[in-house]
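First the structure, in the form of structure tokens, and then the observations on it.
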Amino acid sequence: MLGLGADRLRADMNRLLAMLFHQGVLDEQFLQLQQLQDESSPNFVSEVVNIYFHESEKLLRNLRELLMDREFSDYKKMGTHLNQFMGSSSSIGAKRIRNVCVAFRAASEHNNRAGCLRALEVLEHEYCYLKNKLHELFQIEQQRVLAAGVRYPMQNN
């Protein structure tokens, strides 16, 4: 008999994913990413997402440094960072982050420093929310895999 908790954990994963889709945090691109995962690469999604998080943190740091510079005027450089962030967010299905990047880019195209600062604050908030929720999802997935692999002895009555 397979681990009894595996089905419950799969249901927990499905509920969390459904919530993230309902909230518009993720889109169908995330499902496509999941379809690329198989037995030969069981950690594919978490590895791709961890690369995304690592690169995103660098981009967020670069954006903050640009905006904190009192002499800042390089909105074109900011746009380049935002385009990178939008592209990588789209590739993993991070819909809300991508949408915030679009608004952020619009503010930067209008040289609107106050708008850029507000957008950065929202972007950092959305990034933290996504990171926490995907971390939670991957933890449940690890528990599910472990529970599915645990075999309980059959009870002889």
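Interatomic distance, CD1 of Ile92 versus CD of Gln34, reported as 11.5 Å (0.5 Å rounding). In this structure, CD in Glu141 is found 10.0 Å from CG in Leu146, a value given to the nearest 0.5 Å. Residue Thr80 holds its OG1 atom at 9.0 Å from NZ of Lys77, rounded to the nearest 0.5 Å. Separating the CG atom in Leu59 from the OH atom in Tyr52 is a distance of 9.0 Å, to the nearest 0.5 Å. In this structure, CG in Leu60 is found 8.5 Å from CZ in Arg64, a value given to the nearest 0.5 Å. The structure places CG of Leu134 at 11.5 Å from CD of Gln139, a figure rounded to the nearest 0.5 Å.
Asp69 places none of its side-chain heavy atoms less than 4.5 Å from the side chain of Asp74. A heavy-atom distance below 4.5 Å is not found between the side chains of Phe138 and Asn43. Using a 4.5 Å cut-off on side-chain heavy atoms (C-beta onward), Phe53 and His135 make no contact. A 4.5 Å side-chain heavy-atom check between Leu26 and Leu130 finds at least one atom pair inside the cut-off. Here the side chains of Glu121 and His125 are not in contact, with every heavy-atom distance at 4.5 Å or above. A 4.5 Å side-chain heavy-atom check between Gln84 and His81 finds at least one atom pair inside the cut-off. Under the 4.5 Å side-chain criterion, counting only non-hydrogen atoms from C-beta, Phe104 is in contact with Met78.
Gln29 contributes no side-chain N or O that, together with a main-chain N or O of Ser90, makes up a donor-acceptor pair within less than 3.5 Å. No donor-acceptor distance shorter than 3.5 angstrom exists from the side chain of Tyr75 to the backbone of Arg105, with no hydrogens or angles considered.
A single hydrophobic cluster is not seen to contain both Tyr127 and Ile51; linkage of ILVMFWY side chains at heavy-atom distances under 4.5 Å, directly or through other members, places them apart. In the hydrophobic clustering of this structure, Leu82 does not group with Val102; members are Ile, Leu, Val, Met, Phe, Trp, Tyr whose side-chain heavy atoms approach within less than 4.5 Å, directly or through other members. Put simply, Leu67 and Met86 are part of two different groups of oily side chains (I, L, V, M, F, W, Y) that touch within less than 4.5 Å, one to the next. The hydrophobic clustering, which links ILVMFWY residues whose side-chain heavy atoms are closer than 4.5 Å, places Leu117 and Val122 together.
Counting non-hydrogen atoms of neighbouring residues, nucleotides and ligands closer than 6.0 angstrom, the CD atom of Glu136 exceeds 12 such neighbours.
When all heavy atoms are compared, the tightest approach of Glu126 to Val100 is CG-CG2, 4.0 Å. Heavy atoms only, all atoms of each residue included: Phe85 and Ser56 are closest at CE2-OG, 3.3 Å. Taking both residues in full, the closest heavy atoms of Ser91 and Ser88 are given as OG-O, 2.7 Å, listed atom of the first, atom of the second, then distance. Here the closest heavy-atom approach between residue Ala6 and residue Ala147 is recorded as N-CB, 3.8 Å. In terms of heavy-atom proximity, Pro42 sits nearest to Glu39 at CD-O, 3.3 Å. Here the closest heavy-atom approach between residue Arg98 and residue Ser89 is recorded as N-CB, 4.1 Å.
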Margin query: Go through it in stages, so that I can follow the logic: the residues are Leu36 and Val48, the test is side-chain contact (heavy atoms from CB on, under 4.5 Å), and I'd like the CA-CA distance, side-chain angles, deciding distance and then a yes or no.
Written below: CA-CA 11 Å; Leu36 297 174; Val48 169; over 6 Å; no
Margin query: Show, in sequence, the C-alpha distance, side-chain angles and deciding distance for Phe44 and Asp38, and conclude whether the side-chain contact (heavy atoms from CB on, under 4.5 Å) test is met.
Written below: CA-CA 8 Å; Phe44 178 76; Asp38 59 20; over 6 Å; no
For residues 10-22, which side-chain donor-acceptor pairs fall under 3.5 Å, sequence neighbours excluded?
from	atom 1	to	atom 2	distance (Å)
Asp12	OD1	Arg15	NH2	2.4
Asp12	OD2	Arg8	NH1	3.1
Asn14	ND2	Arg10	O	3.4

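A salt bridge between Glu55 and Lys58 is present, with a side-chain N of the basic residue lying under 4.0 Å from a carboxylate O of the acidic one.
In terms of the salt bridge (Lys or Arg N to Asp or Glu O under 4.0 Å) criterion, Glu47 has no residue partners (sequence neighbours excluded).
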